[in-house]
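What's counted below: heavy atoms across the whole structure, side chains too, no hydrogens, waters or symmetry copies. Residues: numbered from 1 along the sequence shown. Every value quoted in this text rests on a predicted model; they were computed, and no experiment measured them.
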Amino acid sequence: MSTAILTGQPVPGSSIEGDLRSLGYDVRVAADPADAETLLAQVPGDQRVAVVDARFVGHLHALRLGLTDPRFPLAAIPGAVTAQPAGRQALTRAMARENSAGGGTAVAVDSLADRIVTALDDEGTDVHRPELGSLVAAVPADPQARNEARQAVANVDDEAVRLKSAVKSRDGFFTTYCISPYSRYIARWCARRGLTPNQVTTASLITALIAAGCAATGTRGGFIAAGLLLIFSFVLDCTDGQLARYSLQYSTLGAWLDATFDRAKEYAYYAGLALGAARGGDDVWALALGAMVLQTCRHVVDFSFNEANHDATANTSPTAALSDKLDSVGWTVWVRRMIVLPIGERWAMIAVLTAVTTPRITFYALLIGCAFAATYTTAGRVLRSLTRKAQRTDRAARALADLADSGPLAEGLASGMRRLPARGPLGSRALVALEGAIPLMVALALTDYGSALPVALAALYVLASAAAVAHPLKGALDWLAPPFFRAAEYGTVLVLAAKADVNGALPAAFGLVAAVAYHHYDTVYRIRGNAGAPPAWLVRAIGGHEGRTLLVTVLAAVLSASQFTVALTALAVVVALVVLVESIRFWVSSGAPAVHDEGEPA
């Protein structure tokens, strides 16, 4: 139970006590600031507590935004301030200081809650202030002002505002115009029946897995059902976030589920399409794996660029200025959002093509669309990086090093390469990694399965990977290092499995890349949540990107094609078990902060 301390007697006709109780607060009334301080001390330290001015006039949803959001230790709106356990000490200090300075001044003189917020600001404590927009939150000083505030409340439908704010502020065209106009009402329906965002997220996953199962039947009816279910899964995927925003039900577990289930759904659907095609005599596993590799590398480009630049200083460029200028022209915003093929447009395309064409055509369209999108976004970011004058921070360099996923081989060798020049080709150490990846990929493409040459070049790749991370990744293009590593590792598994040319090799490779990709996505969301990278023992246990790349080339050189398939399967199972167990333990029990992206991921 949360506790609200109401400072002073409520104004006649005020609904503040009932509003606070409807939000789950136990209301206690303080006659003066000294009494409020006494009541605050009586509230158990593990409970949320709020200090609210009795004269408060405003919308219920304004109170909800200010006093119930679980993501912030301290939050405030005019006339009200709240603290979760992590912010209780700061709140107690601020109240004590205000009471001491004010000498027990009557509450009616001004707002104790607002004075506390000012004191928190003065000591540099971070206090979240939600955007209220047209919602009203005020502490009127006289009857006339109170009547005006009440009229302002009556003029704005806070339920309409609440529904509108449940939708992401920045979504794709398909999501904005084809899903959100009705999914927000599904979210409200779920809220009124006590459903949680996590339950809706799980329902979305189950629906997508059923869709994948329908696609795996290989029949036209199954493909049609799969397309319809995939769209419905996406509706639920939008609904879970809207429900979280509508009812402010954010959670650590929910952030993890939301972040990982989208990828699980999409990649499981790829596997279902490949199974369905196989039933019809068409082997598209290479296309399915290629689509997963391309999509994952696209995401790594997004994540690496954002982490490299999110706290950069002097962060300007002509390219960014042009983008900002184009944002003022409405239609260009939608065109640029659509051509990167975000999740809404991509899933709609996959669903329609599944229903009316074949899995092969679906994958061809997906690969072409994603390749164009990847080229467009990566080229723009390279131009920004080359033209902007930005100093990257130690935090950004650390995040890129964590995203690189260097294992014991690269880390051990890097420690002996500190004397190498700090700047690589074109000032970027990422290009050092590329110098190791390109020869490996060329050798894999030109040699037959079982050749020893890829092993030698994989060893060279290990050396290049170590050299790339021997110094902090602070160069203009160093954010490209993690995408280069991902492309090299995933591409190695894909090409060797295709070269093996035996039943089961490509599905086994698909499983291995999926397991490793999960680890890489998990790393991203830990960093974005300021929870740090996965523990070093985990990265060492699964070998790092360079260790896995070398291992797969060695297995292909010493094992027969059928034995190689078994080895890939075993490796996929081991990696999946290790990363899933550790990831679930972390997200469920660590108390890491919830992360909710307000943009639409690609």
For N198 against S251, the heavy-atom pair lying closest together | ND2-OG, 3.8 Å
CG/D282: more than 12 non-hydrogen atoms of other groups inside 6.0 Å |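 Result for CG/D282: enclosed.
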State which residue, out of V581, V575, L577, fulfils the side chain to side chain contact (heavy atoms under 4.5 Å, CB included) condition with V579.
-> V575
What is the ring orientation for H545 with F485, classed by angle as parallel under 30°, tilted 30 to 60°, or perpendicular over 60°?
-> parallel
Determine the interplanar angle of the Y267 and Y521 rings, folded into 0 to 90°, and report it as parallel if under 30°, tilted if 30 to 60°, perpendicular if over 60°.
-> tilted
Looking only at atom types and distance, does a side-chain atom of [X] sit under 3.5 Å from a main-chain N or O of [Y], one as donor and one as acceptor?
X	Y	value
R548	I542	yes
S451	D448	no
T565	A561	yes
E489	E546	no

Taking the six-membered ring for Trp, are Y270 and F510 ring centroids under 6.0 Å apart?
->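 Not close enough - the centres of the two rings lie 6.0 Å or further apart.
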Run through D237, T260, T207 and flag the one making a side chain to side chain donor-acceptor pair (under 3.5 Å) with K265.
-> D237
Measuring from D394:CG to K474:NZ, what's the distance to the nearest 0.5 Å?
->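 Those atoms lie 3.5 Å apart.
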With side chain to side chain donor-acceptor pair (under 3.5 Å) as the test, would you mind laying out the steps for T354 and Y269 before giving the verdict?
-> CA-CA 11 Å; T354 298; Y269 192 84; 3.1 Å; yes
Could you give me the CA-CA distance, side-chain angles and deciding distance for L230 and W347, then say whether side-chain contact (heavy atoms from CB on, under 4.5 Å) is met?
-> CA-CA 7 Å; L230 186 63; W347 282 26; 4.0 Å; yes
